[in-house]
Q: 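Please read through the structure below; I'll follow up with questions.
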Amino acid sequence: MNQLIDDVQVVRLPLHAPVFLAAANLSPSKNYSVFEFLTKLFALLRFCSLLCYLLHLYLIFSSPAMDTHTRRIISQLRTSIRYSNYWRKGIRRFCSSAVVHEEPITPPVEVKYNQLLINGQFVDAASGKTFPTFDPRTGEAITTVAEADTEDVNRAVSAARKAFDEGPWPKMTAYERSCIMLQFADLLERHSDELAALETWDNGKPYEQAANEEIPMLIRLFRYYAGWADKIHGLTAPADSLHHVQTLHEPIGVAGQIIPWNFPLLMFAWKVGPALACGNTVVLKPAEQTPLSALYVSKLFHEVGLPPGVLNVIPGSGSAGADLASHMDVDKIAFTGSTETGKAVVGAAAKSNLKPVTLELGGKSPFIICEDADVDKAVELAHSAVFFNQGQCCCAGSRTFVHERVYDEFVEKAKARALKRIVGDPFKKGVEQGPQIDTEQFEKILKYIKSGTESGATLESGGEKLGSKGFYVQPTVFSNVQDNMLIARDEIFGPVQSLLKFKDVEEVIRRANSSHYGLAAGVFTQNIDAANIISRALRVGTVWVNCFNIFDAAIPFGGYKMSGHGREKGVYSLSNYLQVKAIVTPLKNPAWL
C-alpha cells in the first residue's frame with residue numbers, strides 16, 4: 001500500500017458525482033494524491049457508519065418487528081465500514097504526517113548576491129563559469145552562482161594577504177574591531193527574516209528552526225566574539241635568570257576556511273567570528289550546495305565598515321577548496337565536513353607549507369537510555385537528537401542504546417513519535433522536517449535504509465521517499481540493530497534512528513566507544529552516579545546529560561579520534577587563530593625578580 005502511494009501520485013475525480021464529492025469534502029477541480037483521496041474517503045465512510053448506527057437505533061425503537069433481511073444489510077454495511085478503518089491504519093503504518101504533495105510556497109526573499117566576493121567587491125569568476133544552486137523542495141535551480149577556480153582562489157588569497165600585511169584590520173585597536181563586529185551583529189538582527197528565508201530556501205531546513213534558533217545564535221556568536229576581541233593578551237613569566245619574559249598572542253595571518261552545507265550561517269559564525277576577533281583575514285569557501293547566505297551576510301559585514309580584503313568569499317566546487325588548502329600563502333586552514341575530505345585537507349596542507357589545520361568532522365553519536373529513564377521524555381529527546389535538521393547533523397544521536405528493561409516500550413513509542421513527525425515544505429508553519437539537501441544525499445540515505453533491512457534489522461517505520469518532487473525521506477526507525485550493521489557504524493546523515501539493546505553500564509560504554517568517531521554523546525538517566533561514570537568514560541568531545549544539541553556560544557565543540565581535532569566556539573576556539581611569541585630582554589640591577 002505504501003508503494004502504491006509513492007507510485008500513483010494523483011487521483012482525478014469524476015465531475016458527475018457532486019453528492020459524493022460534497023460529502024467527502026472533495027473538489028472536482030483539484031488533483032489529489034492517493035493518500036489524500038483515501039484519507040478523505042475513509043472520513044466519509046466513518047460518517048456513514050455513524051448514520052447507519054443512528055438508523056439502526058431508529059429502526060429498533062420504531063419497528064420492533066423489523067424483518068431479518070433489513071437487519072442483515074445494516075449489519076454488513078457497518079462491518080465493511082469497520083474494515084475501512086483497518087485499511088486506513090495499514091496505509092498510515094509507514095507514513096509520517098506529510099504535506100509534501102502541496103505546491104511549494106514562494107520564498108519571501110530574493111537572491112541579491114551570486115558572484116564571488118573578493119577585496120570588498122562582487123566579481124564574476126575569471127573563467128566566467130557558473131554553477132546552479134538548487135531548491136531541495138523541488139530539485140529545481142534557484143539561481144546560478146559564480147564558480148571559483150584556481151585563478152579566483154589566487155585573487156582572493158592575494159587580497160587577504162595584502163589586507164593583513166598592509167591593511168588596517170590587524171593594526172586597528174582590538175576595541176575598534178570589536179565595535180565593527182557588534183555593528184555587524186545589529187545589522188544581522190535587522191535582516192533576520194530575510195536570512196532565515198534564504199537559509200531555508202537554499203538548504204531545506206524548516207523556516208521556524210532557522211528563524212527561531214539558528215539566526216538568533218548567529219547573532220549571539222558574533223556578539224560573543226566581539227566581546228573577546230579586546231580581551232586577547234599575553235602573559236609575563238618569571239625566569240631563572242636576569243631576564244624579563246613576556247608572551248604575545250598574535251594573529252596567525254590569512255585563514256582559509258571551508259564550511260559545510262548543513263548549517264551554513266552557523267558554520268560561517270563558528271569560523272569567521274574567532275578569526276576576525278583575533279585580527280586575521282579570511283578566505284571562505286562555502287559549500288557549493290548552499291552559497292547564498294554566506295554571500296548575503298558578507299555583504300552586510302562590509303556595510304558596517306569591514307575593510308576590503310578582510311573577508312573574501314569564493315563559492316565553488318571541491319577543487320576550489322583543494323586549491324585553498326594547498327595554497328602557499330595561506331597560513332591556516334579550518335575545515336568542517338566529512339572525515340574522508342578532512343584527510344585530504346590535512347594532506348594538502350602538509351604537502352604545501354605545513355600550515356596548521358583544525359578539523360570538525362563526522363560522527364556516529366551514541367544516545368544512551370538507562371533503565372531508570374522516564375521513557376516518554378527519553379523518546380522525545382532521542383527523537384530530536386537524531387531527526388533534528390533532517391538528520392543532517394554531524395553529532396546526531398543516531399545510535400540509540402536502550403536498556404533491555406525498557407527497550408520494548410521505547411521501540412513502540414519511538415515508532416509512534418516518528419509516525420507523527422510532520423514532513424513537508426519547510427516554509428509551512430508547523431513542519432518539523434524538510435527535504436534532504438540534494439540528490440546525492442537523498443540516494444545515499446535510501447541505500448543505507450535498504451542495507452538496514454537486508455542486514456536483518458526490523459523496519460519499524462518509514463523507509464521510503466515522500467512525494468514525487470524534491471528530496472523528502474520518511475522519518476525511519478529500525479529496531480533489533482546490531483553493532484556490526486552499516487546503519488550502526490556509518491554516518492548516514494539522514495533521518496534514520498537505530499535502536500540497540502544493552503544490559504549494563506560496562507557493556508554500553510564498551511559498545512559506544514567502539515566507533516572510529518568520537519564527536520558527541522548523550523546520556524539519559526536519573527542516577528547521578530551513572531551519569532558521571534558514563535560521561536567520563538565516553539571518548540567523545542561533548543557529552544549531553546539529560547539534554548542534547550545544546551550549542552551555547554561559550555560551549556566548546558569538537559571531536560576525539562576520527563571526528564577531528566581542535567575546538568570550535570568558546571574561548572578554546574581563539575587558539576586556532578593565534579600564535580604565541582616569547583620576547584626575552586635582559587634586566588640590569590632589577591629591584592625585584
Side-chain angles (χ1 to χ4, degrees), residues 1-11 31-39 91-107 133-142 197 199-210 261-262 289-290 383-384 386-393 396 398 415 417-450 452-453 459-478 487 492-497:
M1 182 65 71
N2 190 51
Q3 189 61 43
L4 171 66
I5 294 172
D6 283 335
D7 290 346
V8 184
Q9 293 297 330
V10 174
V11 173
N31 293 334
Y32 291 90
S33 69
V34 171
F35 184 71
E36 290 173 316
F37 174 75
L38 291 177
T39 299
I91 289 174
R92 282 196 175 273
R93 177 174 174 79
F94 292 111
C95 290
S96 60
S97 299
V99 290
V100 297
H101 298 293
E102 300 176 358
E103 284 299 312
I105 295 171
T106 301
T133 183
F134 295 98
D135 183 345
R137 302 175 303 161
T138 62
E140 299 171 357
I142 298 172
E199 195 82 327
T200 293
W201 194 8
D202 208 17
N203 173 274
K205 64 177 72 239
Y207 176 81
E208 291 176 339
Q209 173 187 318
W261 46 258
N262 55 336
Q289 295 90 341
T290 54
H383 179 86
S384 173
V386 66
F387 292 111
F388 175 68
N389 204 53
Q390 294 73 250
Q392 297 170 157
C393 190
S398 54
K415 168 186 171 181
R417 178 62 181 90
L419 289 172
K420 289 193 293 185
R421 187 168 181 82
I422 301 173
V423 183
D425 190 322
F427 282 104
K428 187 178 179 66
K429 186 176 182 180
V431 163
E432 298 175 277
Q433 180 178 315
Q436 309 308 131
I437 186 66
D438 61 13
T439 302
E440 180 180 354
Q441 187 63 21
F442 176 74
E443 295 295 341
K444 173 187 170 185
I445 294 166
L446 294 178
K447 286 180 181 178
Y448 272 113
I449 291 172
K450 182 180 179 182
T453 57
L459 180 63
E460 296 288 348
S461 66
E464 299 285 348
K465 65 179 182 179
L466 278 172
S468 58
K469 278 187 175 183
F471 312 121
Y472 295 91
V473 176
Q474 292 175 340
T476 300
V477 176
F478 280 105
I487 58 173
I492 300 174
F493 229 59
V496 181
Q497 183 178 35

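Just the heavy atoms: all of them, side chains too, but no hydrogens, waters or symmetry mates, feed the values below.
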Q: Ignoring hydrogens, what is the shortest heavy-atom contact between Phe427 and Pro107? Give both atom names and the distance.
A: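 Taking Phe427 first and Pro107 second, the nearest heavy atoms are CZ-CB, 3.7 Å.
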Q: Who passes side chain to side chain donor-acceptor pair (under 3.5 Å) against Glu432, sequence neighbours left out?
A: Arg417
Q: side-chain contact (heavy atoms from CB on, under 4.5 Å) with Phe442: which residues, sequence neighbours excluded?
A: Leu446, Lys465, Phe471, Val473
Q: Only counting residues at least two apart or in another chain, list the ones meeting ring pair (Phe, Tyr, Trp, His ring centres under 6.0 Å) with Tyr207.
A: none
Q: Taking the side chain as C-beta and beyond, is there a heavy-atom pair between Pro475 and Val423 under 4.5 Å?
A: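 The answer is yes; the side chains approach within 4.5 Å.
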Q: If I compare all heavy atoms of Phe387 with all of Gln433, which pair ends up nearest, and what's the gap?
A: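 Taking every non-hydrogen atom into account, CD2-OE1, 4.3 Å.
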Q: Please tell me if the side chains of Arg421 and His383 come closer than 4.5 Å, counting only heavy atoms from C-beta onward.
A: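 With C-beta onward as the side chain, the pair touches.
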Q: Taking all non-hydrogen atoms of both residues, which atom of Pro136 and which atom of Pro435 are closest, and how far apart?
A: O-CB, 3.4 Å
Q: Of all residues at least two apart in sequence or in a different chain, which pass the side-chain contact (heavy atoms from CB on, under 4.5 Å) check with Pro104?
A: Arg137, Thr138, Asp425
Q: Can you name the side chain to side chain donor-acceptor pair (under 3.5 Å) partners of Gln497, sequence neighbours left out?
A: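 Here the qualifying residues are Thr400.
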Q: Go through the structure and list residues passing side chain to side chain donor-acceptor pair (under 3.5 Å) with Gln441, not counting sequence neighbours.
A: none
Q: For Ser398 versus Val496, what's the shortest heavy-atom pair and its separation?
A: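 The answer is CB-O, 4.1 Å.
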Q: Working to the nearest 0.5 angstrom, can you tell me the gap between Asp135 CG and Glu140 CD?
A: 7.5 Å
Q: Looking only at non-hydrogen atoms, find the nearest pair between Phe493 and Asn262 and report the distance.
A: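 Shortest heavy-atom separation between Phe493 and Asn262 comes out as CZ-ND2, 3.5 Å.
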Q: Are Lys428 and Pro206 close enough that some pair of their side-chain heavy atoms sits under 4.5 Å apart?
A: no
Q: List the residues meeting side chain to side chain donor-acceptor pair (under 3.5 Å) with Asn203, not counting sequence neighbours, and say none if there are none.
A: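 Result, side chain to side chain donor-acceptor pair (under 3.5 Å) vs Asn203: none returned.
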Q: Quick check against the 3.5 Å criterion: does Gln390 have a side-chain atom that pairs as donor or acceptor with the backbone of Gly434?
A: yes
Q: Do Lys415 and Ser461 touch side chain to side chain, with heavy atoms closer than 4.5 Å?
A: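 Counting from C-beta outward, Lys415 and Ser461 do come under 4.5 Å.
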Q: Test of understanding: with ring pair (Phe, Tyr, Trp, His ring centres under 6.0 Å), list the residues that count as partners of Phe478, not counting sequence neighbours.
A: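 Ring pair (Phe, Tyr, Trp, His ring centres under 6.0 Å) list for Phe478, sorted by chain: empty.
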Q: I'd like to check the salt bridge (charged side-chain N to carboxylate O under 4.0 Å, His left out) partners of Asp438; sequence neighbours left out, ordered by chain and number.
A: none
Q: Using a 4.5 Å cut-off on heavy atoms from C-beta on, say whether the side chain of Thr133 contacts that of Trp201.
A: no
Q: Report the distance from atom NZ of Lys450 to atom CG of Leu459, rounding to the nearest 0.5 Å.
A: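 Interatomic distance, Lys450 NZ to Leu459 CG, rounded to 0.5 Å: 14.0 Å.
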Q: Exactly one of Ile449, Val386, Thr476, Ile445 should register a side-chain contact (heavy atoms from CB on, under 4.5 Å) with Pro495. Which one does?
A: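 Testing each of Ile449, Val386, Thr476, Ile445 against Pro495, the sole residue satisfying side-chain contact (heavy atoms from CB on, under 4.5 Å) is Ile445.
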